[in-house]
Amino acid sequence: MRKNQLLLIFLFLFPQINLFPQVKGYIFDQNDLTPISFVNIWVKGENIGTTSNNAGFFLIKDTLSGKSLIFSSIGYEREILTVTDTILEVYLKPLTYSIPEVNIKPQKKAEKKIGEFKRSQLFRYSSPGGPQIFARHFDYKDEYSLTPFVSSIRIETFSTKEAVFNLRLFSTDSEGLPGRDILEENHLVKVKEGKKTNRISDLESKHIVFPQEGLFIAVEYLIIEQNEFLLKFKDKNTGKRMEKIIYMPFLGTIKSDSEKNGWVYRWGKWYKDLGKHDEEMGDENIGNILAVEITLTN
């Protein structure tokens, strides 16, 4: 009896203390109740989040009571939930895609490359500590009507280990932001260790037409154990040796003087520019954009 009284007194004096400093749960398809893997979860307005595993399970080791979680995955409507418990069951509603009619006529194959760059132009971009999407915008040009289909995409990476990221393609909405997903399901890209050129060449069969409103090519980081890398470094101010988990791979970027082309999704919102160049870049007024090359075909 006395123990119960002490507990009540403790809760009365310290009501703000959260006794459950983590949130976990499972994510399911609303229709068939199957687990959904590789769903990115953001804490709205904060640089905290994770990714669901193959069983649809996720775990965030942080105090989140009363905060909003954003659940995002290709093929599903985005869901925002307020945390009211330490164990959650989340059900995402599948999206219905309308596929435009495509007329294919026999003709001599033609190709066109856009966004071409040399490896000597690359800078390394630090990988994030939480789930983020890095995107690059490409304007539509009338000449693309001769080669309207996305055939392949080239993305440069540097990784300390074998890793995986999710490729996302977005149309452009009325405000110039990344809009609807063009791909209907996750498109996982395996990255090998070291500096590598990743050619994603299995897109031609998907008949992806370059949208007239513009196209975003995006890399979605997956906050999973496979991508974890323990970074050891010395704090510049204190001199203490520090450790921090970051996620592979590093992405190749190039300079851009147009801030509209580089975008990043973090804290549950899209922001312009992948970030200004650091000191070694020289010009702080020039931003980073993903080094992305697209091959179009007819």
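- Thr160 and Phe158 make their closest contact through CG2-CE2, 4.3 Å (heavy atoms, listed as atom of the first residue, atom of the second, distance).
- When atom types are taken as modelled, the side chain of Asn166 and the backbone of His187 share a donor-acceptor pair closer than 3.5 angstrom.
- Taking CG from Asp235 and CE from Met242, the interatomic distance works out to 5.5 Å, rounded to the nearest 0.5 Å.
- One distance of note links OG1 of Thr295 with CZ of Arg154; it measures 9.5 Å at 0.5 Å rounding.
- The two residues Ala218 and Ala135 come nearest to each other via the heavy atoms CB-CB, 3.8 Å.
- Thr51 and Asn40 are linked by a side-chain donor-acceptor pair at a separation below 3.5 angstrom, with hydrogens and angles left out of the test.
- Annotation: the span from Ile27 atom CD1 to Thr34 atom OG1 amounts to 12.0 Å, rounded to 0.5 Å.
- Thr197 OG1 to Glu293 CD: the interatomic distance, rounded to the nearest 0.5 Å, is 9.5 Å.
- Of all heavy-atom pairs between Gly56 and Pro35, the closest is N-CB, 4.0 Å.
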* **Asp62 and Val23: CA distance, side-chain angles, deciding distance, side chain to side chain contact (heavy atoms under 4.5 Å, CB included) verdict** => CA-CA 7 Å; Asp62 215 303; Val23 172; over 6 Å; no
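- Between Ile223 and Gly49, the shortest heavy-atom distance links the atoms CG2-O, 4.3 Å.
- With a 4.5 Å cut-off on side-chain heavy atoms, Ile182 and Pro211 count as touching.
- If you chain together ILVMFWY residues whose side-chain heavy atoms come under 4.5 Å of each other, Phe57 ends up grouped with Tyr26, Phe28, Leu33, Leu59, Tyr91.
- Annotation for Ile217 and Leu290: closest pair O-CD1, 4.2 Å, computed over non-hydrogen atoms.
- Counting heavy atoms from C-beta on, the side chains of Leu296 and Val150 come closer than 4.5 Å.
- The side chain to side chain contact (heavy atoms under 4.5 Å, CB included) check on Ile87 picks up Lys24, with sequence neighbours excluded.
- Judged as a side chain to side chain contact (heavy atoms under 4.5 Å, CB included), and not counting sequence neighbours, the contacts of Asn31 are Asp29, Pro94.
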* **side chain to side chain contact (heavy atoms under 4.5 Å, CB included) evaluation trace for Asn47 with Gln132** => CA-CA 9 Å; Asn47 189 27; Gln132 293 185 16; 3.9 Å; yes
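- Sorted by first and then second residue, the salt bridge (charged side-chain N to carboxylate O under 4.0 Å, His left out) pairs with a member in residues 203-217 read Lys109-Glu204; sequence neighbours excluded.
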* To do: Please lay out, stage by stage, how Phe71 and Phe58 fare under the test ring-ring contact (aromatic ring centres under 6.0 Å, His included).
  => CA-CA 11 Å; Phe71 298 84; Phe58 69 92; 5.7 Å; yes
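- With sequence neighbours left out, the side chain to side chain contact (heavy atoms under 4.5 Å, CB included) criterion links Leu231 to Phe229, Phe233, Ile246.
- At distances below 3.5 Å, at least one donor-acceptor pair connects side-chain atoms of Ser52 with backbone N or O atoms of Ile36.
- Under the 4.5 Å side-chain heavy-atom criterion for Ile, Leu, Val, Met, Phe, Trp and Tyr, Val164 and Ile200 are members of distinct hydrophobic clusters.
- The structure places CG of Asp202 at 9.5 Å from CD1 of Ile153, a figure rounded to the nearest 0.5 Å.
- Under the salt bridge (charged side-chain N to carboxylate O under 4.0 Å, His left out) criterion, the residue pairs touching residues 157-168 are Arg168-Asp181, Arg168-Glu220, with sequence neighbours excluded.
- By the criterion of side-chain heavy atoms lying less than 4.5 angstrom apart, applied directly or through intervening Ile, Leu, Val, Met, Phe, Trp or Tyr residues, Leu251 is grouped together with Leu169 in one hydrophobic cluster.
- The nearest pair of heavy atoms linking Glu77 to Leu95 is CG-CD2, 3.3 Å.
- Contacts of Phe38 classified as ring pair (Phe, Tyr, Trp, His ring centres under 6.0 Å), with partners at least two apart in sequence or in another chain: none.
- Using a 4.5 Å heavy-atom threshold, the side chains of Trp263 and Lys272 count as touching.
- Here side chain to side chain donor-acceptor pair (under 3.5 Å) pairs that include residues 223-234, with residues two or more places apart or in two chains, number zero.
- With Asn186 contributing its side chain and Leu188 its backbone, the two residues share no donor-acceptor pair below 3.5 Å.
- A 4.5 Å side-chain heavy-atom check between Leu146 and Asn298 finds every atom pair outside the cut-off.
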* **Pair Phe210-Tyr144, ring-ring contact (aromatic ring centres under 6.0 Å, His included): steps then yes or no** => CA-CA 8 Å; Phe210 196 112; Tyr144 298 166; 5.1 Å; yes
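- Between the side chain of Asn54 and the main chain of Ser37, no donor-acceptor pair closer than 3.5 Å is present.
- Exactly one residue among Val209, Ile294, Thr172 makes a side-chain contact (heavy atoms from CB on, under 4.5 Å) with Leu215. That residue is Ile294.
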Acceptor/donor pairs from residues 111-123 side chains to any protein atom, 3.5 angstrom cut, sequence neighbours excluded:
residue : atom : partner : partner atom : Å
Lys112  : NZ   : Glu143  : OE2          : 2.9
Arg119  : NE   : Glu156  : OE1          : 3.4
Gln121  : OE1  : Lys118  : N            : 2.7

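- Residues Thr157 and Val189 have side chains not in contact (no heavy-atom distance under 4.5 Å, counting atoms from C-beta outward).
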* To do: Please lay out, stage by stage, how Val39 and Val90 fare under the test side chain to side chain contact (heavy atoms under 4.5 Å, CB included).
  => CA-CA 11 Å; Val39 177; Val90 182; over 6 Å; no
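- Residues Val43 and Ile224 fall into different hydrophobic clusters, defined by Ile, Leu, Val, Met, Phe, Trp and Tyr side chains chained together at heavy-atom separations under 4.5 Å.
- Using a 4.5 Å cut-off on side-chain heavy atoms (C-beta onward), Ser171 and Phe216 make no contact.
- Side-chain heavy atoms closer than 4.5 Å link hydrophobic residues (I, L, V, M, F, W, Y) into clusters, and following such links, possibly through other members, connects Ile41 to Ile48.
- Residues passing the ring pair (Phe, Tyr, Trp, His ring centres under 6.0 Å) test with Tyr265, sequence neighbours excluded: Trp42, Trp270.
- Shown here are the side chain to side chain contact (heavy atoms under 4.5 Å, CB included) partners of Glu193, two or more places apart in sequence or in another chain: there are none.
- Residue pairs meeting the salt bridge (charged side-chain N to carboxylate O under 4.0 Å, His left out) criterion with at least one partner in residues 30-46, sequence neighbours excluded, are Glu46-Lys67.
- One hydrophobic cluster, built from ILVMFWY side chains closer than 4.5 Å, holds both Ile155 and Leu183.
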